There are 2 protein chains.
Amino acid sequence: MLEEKVEAVSALLKSISHPTRLMILCQLQDGAKTVGELQQVLQTTQANVSQHLTILRSQGVVSSRKEANFIYNRIGDQRVLTLINTLQDLFCQ
Amino acid sequence: MLEEKVEAVSALLKSISHPTRLMILCQLQDGAKTVGELQQVLQTTQANVSQHLTILRSQGVVSSRKEANFIYNRIGDQRVLTLINTLQDLFCQ
DNA sequence: TAAGAATTATAGTATATTCTAATATAATTA
DNA sequence: TAATTATATTAGAATATACTATAATTCTTA
């Protein structure tokens with residue numbers, strides 16, 4: 001029954017199947033964060049965070065709003081939040 | 001809280017984030033299937049199915065038993081089955 | 001034990017992804 | 001308006017992945 005949606009669902013999964021991007025989503029579970037905040041937690045470069053956010057946005061997984069010269073990023077799809085919660089339930093006790 | 005397991009979980013997600021591999025898992029939801037049966041449903045080459053199964057086995061997502069000269073493949077982790085069910089609930093109504 | 005069927009493995013090319021470094025844009029503040 | 005801060009974009013090299021074709025295994029059965 002998933003068959004018709006297989007392309008879309010696998011594209012979404014692919015977008016979250018990277019350690020940095022999965023980590024970003026974990027960070028966004030409890031609210032929006034700026035690029036700089038994510039960079040600090042993830043211990044990587046600004047360009048890296050920005051590029052991964054672009055990938056997540058392209059799938060609608062993350063949505064962003066600009067405020068002054070900060071960009072606040074949050075999980076952009078309730079179903080993705082549910083999915084992340086499920087992953088934690090299943091694979092993190 | 002996922003943070004410590006991020007590498008493992010993203011590797012697992014990556015292994016199922018391909019249309020053919022996701023389709024294989026959907027096919028295995030209701031029981032074991034041989035490579036030939038999968039090939040027929042997926043409309044691709046034998047080598048292709050075999051390679052994708054190798055990737056799924058490497059993550060423990062699929063396990064296989066040989067019987068005569070057929071190899072029966074099934075979902076090898078109860079949590080993966082739960083995950084597939086969740087994906088269907090969320091993204092296929 | 002030889003032939004045939006089913007499955008797995010390997011090689012090579014094409015494509016995609018990731019990371020780093022450098023540059024660009026946009027808003028703020030001095 | 002110049003300098004600063006935050007973020008985005010681009011280019012290029014390194015690595016990874018996917019697919020096709022082909023060879024190699026393994027098992028059955030004649």
Side-chain angles (χ1 to χ4, degrees), chain A residues 3 6-28 31-76, chain B residues 3 6-28 31-76:
Chain A
E3 289 73 12
V6 142
E7 291 290 337
V9 174
S10 59
L12 187 144
L13 288 174
K14 184 179 177 184
S15 78
I16 74 175
S17 300
H18 184 283
T20 301
R21 295 197 290 271
L22 190 53
M23 196 78 161
I24 287 174
L25 294 175
C26 291
Q27 290 301 318
L28 300 184
K33 285 197 169 54
T34 68
V35 177
E37 288 170 332
L38 291 171
Q39 177 189 357
Q40 193 163 11
V41 174
L42 302 178
Q43 296 280 73
T44 181
T45 64
Q46 176 271 318
N48 211 344
V49 174
S50 179
Q51 285 171 340
H52 285 302
L53 283 170
T54 297
I55 291 169
L56 290 169
R57 284 183 202 119
S58 75
Q59 287 298 317
V61 167
V62 162
S63 70
S64 306
R65 72 166 202 281
K66 188 161 194 175
E67 194 168 300
N69 48 4
F70 291 89
I71 291 185
Y72 288 90
N73 301 279
R74 60 180 179 77
I75 292 180
Chain B
E3 290 71 15
V6 142
E7 292 288 339
V9 174
S10 58
L12 186 144
L13 288 174
K14 185 177 177 185
S15 78
I16 73 173
S17 299
H18 184 284
T20 299
R21 295 196 289 270
L22 190 53
M23 195 77 159
I24 287 174
L25 293 176
C26 291
Q27 290 300 318
L28 299 185
K33 285 198 170 52
T34 67
V35 178
E37 287 171 335
L38 291 170
Q39 177 189 355
Q40 192 165 11
V41 173
L42 301 178
Q43 295 280 72
T44 181
T45 63
Q46 173 274 316
N48 211 345
V49 174
S50 178
Q51 284 170 342
H52 286 303
L53 283 170
T54 297
I55 292 170
L56 290 169
R57 283 183 204 120
S58 77
Q59 288 298 317
V61 167
V62 162
S63 70
S64 307
R65 74 167 201 281
K66 189 161 193 176
E67 193 167 300
N69 47 4
F70 292 90
I71 290 184
Y72 288 90
N73 301 281
R74 61 179 179 77
I75 292 180

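Letters go in sequence order (proteins before strands), and every chain restarts at 1. Quick caveat: nothing in here was measured; it's all calculated off a predicted structure.
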[X]: side-chain contact (heavy atoms from CB on, under 4.5 Å) partners, not counting sequence neighbours:
X       : result
B/Thr34 : B/Glu37, B/Phe70, B/Tyr72
A/Ser15 : A/Ile55, A/Leu56, A/Gln59, A/Val61
A/Lys14 : B/Ser17
B/Arg74 : B/Ala32, B/Ser63

Worksheet item: Between CD of A/Gln27 and CD1 of A/Ile24, what distance do you get to the nearest 0.5 Å?
Response: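 Here the interatomic distance stands at 9.0 Å.
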Discussion item. Once rounded to the nearest 0.5 Å, what's the spacing between atom OG of B/Ser10 and atom CG of A/Leu13?
Written reply: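 Rounded to the nearest 0.5 Å, the OG-CG separation comes out at 12.5 Å.
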Worksheet item: How is B/Leu53 classified with respect to the nucleic acid when contacts are heavy atoms under 4.0 Å: base, sugar-phosphate, or nothing?
Response: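 Result for B/Leu53 = nothing.
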Listing time: all N or O pairs from protein to nucleotides 25-29 of chain D that are below 3.5 Å?
residue	atom	partner	partner atom	Å
D/dT26	O3'	B/Lys66	NZ	3.3

Would you mind reading off the distance between [X] atom [atom1] and [N] atom [atom2], rounded to a whole angstrom?
X       : N      : atom1 : atom2 : result
B/Arg65 : C/dA6  : CZ    : C1'   : 16 Å
A/Leu56 : D/dA8  : CG    : C1'   : 15 Å
B/Asn73 : C/dA6  : CG    : C1'   : 13 Å
B/Met23 : D/dA18 : CE    : C1'   : 18 Å
B/Phe70 : C/dG4  : CZ    : C1'   : 13 Å

Discussion item. Just to verify, what does A/Glu67 make a side chain to side chain donor-acceptor pair (under 3.5 Å) with, not counting sequence neighbours?
Written reply: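 Checked A/Glu67 against side chain to side chain donor-acceptor pair (under 3.5 Å); matches are A/Arg65.
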Worksheet item: Can you list the residues that meet the side chain to side chain donor-acceptor pair (under 3.5 Å) rule with A/His52, with sequence neighbours excluded?
Response: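 If we apply the side chain to side chain donor-acceptor pair (under 3.5 Å) test to A/His52, skipping adjacent residues, the hits are A/Arg21, A/Asn48.
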Discussion item. Given D/dT20, C/dT18, C/dT7, identify the nucleotide with an atom nearest to the side chain of B/Asn48.
Written reply: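 Taking heavy atoms from C-beta onward, the closest nucleotide is D/dT20.
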Listing time: all N or O pairs from protein to nucleotides 9-16 of chain C that are below 3.5 Å?
residue	atom	partner	partner atom	Å
C/dT10	O4	B/Gln51	NE2	3.1

Discussion item. Tell me whether the side-chain N/O atoms of A/His18 come closer than 4.0 Å to OP1 or OP2 in D/dA16.
Written reply: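 For D/dA16, neither OP1 nor OP2 has a side-chain N or O of A/His18 closer than 4.0 Å.
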Worksheet entry | Phosphate OP1/OP2 of D/dT17: any B/His52 side-chain N/O under 4.0 Å |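 No, B/His52 has no side-chain N/O under 4.0 Å of OP1/OP2 on D/dT17.
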Discussion item. Less than 4.5 Å apart, side chain to side chain, heavy atoms only: is that true for A/Ile71 and A/Leu53?
Written reply: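 Of all side-chain heavy-atom pairs linking A/Leu53 with A/Ile71, none is under 4.5 Å.
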Worksheet item: Is there a side-chain contact between B/Val62 and B/Leu25 (heavy atoms, below 4.5 Å)?
Response: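 Yes, their side chains come closer than 4.5 Å.
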Item to complete: May I ask you to list the residues of residues 35-45 of chain A, by number, that have any heavy atom positioned under 4.0 Å from an atom of DNA chain C?
Response: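 Result for residues 35-45 of chain A: none.
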Worksheet entry | Side-chain donor/acceptor of B/Asn73 to backbone N/O of B/Ser64, under 3.5 Å |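 Not confirmed, B/Asn73 side chain does not pair with B/Ser64 backbone.
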